[in-house]
Amino acid sequence: MSQISIKQLEAFIAVAEYSSFSRAAQALFLSQSTVSSHISELSHIVRHPLFVRDDRHSVRMTAEGEQIYPIAKRILSDCRELSEMFNDKERSDVLYLGASTIPGQYLLPKYLADFKKKYSDIRCELSCGDSARVHRMLKDGAVRMGFVGAMLEPECLTYIPIASDKLIMAVRNTEQYAEKKAHGILGRDLLKLPLIMRENGSGTDKAFRDYIKSIGIDENELNITARVNDTETIKRMVAQGMG
């Protein structure tokens with residue numbers, strides 16, 4: 001039987017957490033073809049596909065991939081611990097964290113910088129994904145603490161608020177929309193227009209679903225033209241007039 005390698009597991013974890021082969025390759029400093037090869041080899045060994053692409057080309061784990069994910073995280077964590085166990089230098093403690101997109105991009109950089117000023121001997125390892133994935137990592141023991149934008153499982157996890165924000169509708173900067181804004185048109189008045197949304201499983205998506213439900217709008221009535229798992233990409237798509 002072929003042997004599973006650490007490189008294969010690292011590639012698998014990266015693709016799972018970035019939901020993208022190209023972004024995983026960038027994070028690992030590998031070519032995309034190398035990452036694809038590692039995933040293909042691992043899929044062959046376990047005799048199951050580990051990822052599928054949906055209609056919008058987003059990558060998500062299969063049921064088998066979901067089963068393998070927590071095991072792969074533990075193996076890599078144990079390997080890191082083993083490699084550091086007999087270092088001549090004093091081993092720093094490691095704090096494993098998970099963060100969904102918005103906290104990971106906009107809050108954690110400052111929080112972690114402030115944390116390191118107080119606890120310089122502790123190394124932080126941050127894994128990013130949507131809110132649903134961070135919840136899975138918490139329950140699987142892959143991370144000690146998670147930063148998310150939605151309370152998905154209050155029955156089994158404890159949530160402590162650290163910040164608040166609000167959702168706004170962003171539109172292209174055109175004379176048409178400027179005139180609407182001048183006349184007091186609100187974002188909820190534009191919900192029939194093509195919308196670019198965050199991916200299912202994100203805290204932003206849950207907050208939006210809760211909102212439209214509260215004002216009596218059926219989700220099936222919306223014209224969702226795209227779902228994207230990166231906020232900066234959404235902003236650029238809006239600027240190009242896609243939604």
Side-chain angles (χ1 to χ4, degrees), residues 2-81 83-84 94 96-106 108-109 112 123-137 140 142-143 146-148 196-202 204 226-237 240 242:
S2 300
Q3 297 296 312
I4 295 175
S5 72
I6 298 299
K7 293 294 185 184
Q8 292 165 358
L9 296 181
E10 287 176 338
F12 169 72
I13 291 297
V15 174
E17 294 180 353
Y18 285 99
S19 299
S20 165
F21 278 80
S22 59
R23 292 173 65 189
Q26 292 173 2
L28 295 173
F29 300 100
L30 298 172
S31 67
Q32 187 169 335
S33 61
T34 299
V35 171
S36 297
S37 177
H38 285 326
I39 299 299
S40 178
E41 291 166 359
L42 184 58
S43 296
H44 178 74
I45 292 171
V46 301
R47 300 180 182 179
H48 286 286
L50 301 176
F51 296 100
V52 293
R53 294 183 182 275
D54 60 24
D55 293 339
R56 298 179 181 87
H57 306 293
S58 178
V59 177
R60 59 180 175 84
M61 284 186 285
T62 61
E64 293 79 13
E66 296 275 5
Q67 289 180 281
I68 291 172
Y69 177 82
I71 299 172
K73 285 290 286 187
R74 287 197 298 270
I75 291 172
L76 291 182
S77 177
D78 288 343
C79 287
R80 281 193 295 266
E81 184 175 352
S83 66
E84 296 172 351
V94 181
Y96 295 99
L97 304 171
S100 59
T101 304
I102 299 300
Q105 287 182 337
Y106 303 109
L108 266 293
L112 293 182
R123 189 178 82 240
C124 297
E125 292 205 6
L126 177 64
S127 298
C128 294
D130 59 29
S131 290
R133 183 161 298 155
V134 174
H135 280 75
R136 288 196 299 269
M137 289 191 289
D140 294 337
V143 298
F147 296 83
V148 296
I196 303 171
M197 298 294 302
R198 283 286 308 281
E199 77 281 11
N200 292 317
S202 72
T204 302
R227 285 191 178 273
V228 182
N229 66 355
D230 182 81
T231 308
E232 295 300 318
T233 300
I234 291 177
K235 287 156 64 175
R236 288 193 288 270
M237 292 168 70
Q240 293 299 318
M242 183 173 172

Specify the closest pair of heavy atoms between Arg23 and Tyr18, including all atoms of both residues, with the distance to one decimal.
-> NH1-O, 3.7 Å
Side-chain touch Thr101/Ser202, heavy atoms, less than 4.5 angstrom | no
Starting from the C-alpha separation in whole Å, work towards a yes-or-no answer on side chain to side chain contact (heavy atoms under 4.5 Å, CB included) for Ser19 and Glu199.
-> CA-CA 11 Å; Ser19 299; Glu199 77 281 11; over 6 Å; no
Taking side chain as C-beta onward, heavy atoms only, is Lys73 less than 4.5 Å from Ser127?
-> yes
Side chains of His48 and Ile68 in contact at under 4.5 Å (non-hydrogen atoms) | no
If every non-hydrogen atom of Glu64 is compared with every non-hydrogen atom of Pro49, which pair is closest and at what distance?
-> OE1-O, 3.9 Å
OG1 on Thr233 to CZ on Arg198, rounded to 0.5 Å = 10.5 Å
Can you check side chain to side chain contact (heavy atoms under 4.5 Å, CB included) on Val52 and Arg60, steps first, answer last?
-> CA-CA 6 Å; Val52 293; Arg60 59 180 175 84; 3.6 Å; yes
Rounded to the nearest 0.5 Å, what separation is found between the CG atom of Leu108 and the SG atom of Cys128?
-> 7.0 Å
So, do Leu97 and Leu112 sit near enough that their side-chain heavy atoms are less than 4.5 Å apart?
-> yes
For the residue pair Phe21 and Phe51, does the interplanar ring angle fall in the parallel (under 30°), tilted (30 to 60°) or perpendicular (over 60°) class?
-> perpendicular
Output, in order, the C-alpha distance, side-chain angles, deciding distance and verdict of side-chain hydrogen bond (donor to acceptor under 3.5 Å, both in side chains) for Glu41 and Ser37.
-> CA-CA 6 Å; Glu41 291 166 359; Ser37 177; 3.3 Å; yes
What's the verdict on side chain to side chain contact (heavy atoms under 4.5 Å, CB included) for Lys7 and Leu28, showing C-alpha distance, side-chain angles and the deciding distance?
-> CA-CA 10 Å; Lys7 293 294 185 184; Leu28 295 173; over 6 Å; no
Validation row: Met242, Val228 side chains within 4.5 angstrom (heavy atoms) = no
Check: Ile39 main-chain N/O paired with Ser43 side-chain donor or acceptor under 3.5 Å | yes
Does Ser131 use its side chain to pair, donor to acceptor, with the backbone of Ser100 at less than 3.5 Å?
-> no
Are the side chain of Arg53 and the backbone of Val59 linked by a donor-acceptor contact shorter than 3.5 Å?
-> no
Quick one: does Glu66's side chain get under 4.5 Å of Arg136's, heavy atoms only?
-> yes
Side-chain contact test, heavy atoms from C-beta onward, threshold under 4.5 Å: evaluate it for Tyr69 versus Ile13 and give yes or no.
-> yes
State, with a plain yes or no, whether a side-chain heavy atom of Asn229 is found less than 4.5 Å away from one of Asp130.
-> no
Distance col, row Thr62:OG1 vs Gln67:CD, nearest 0.5 angstrom, shows 8.5 Å
For the side chain of Ser36 and the backbone of Gln32, is there at least one donor-acceptor N/O pair under 3.5 Å apart?
-> yes
Chi angles and distances behind the side chain to side chain contact (heavy atoms under 4.5 Å, CB included) call for Gln8, Ile45 = CA-CA 11 Å; Gln8 292 165 358; Ile45 292 171; 3.7 Å; yes
Say you draw a straight line from CD1 of Ile71 to CZ of Phe12; how long is it, rounded to the nearest 0.5 Å?
-> 9.5 Å
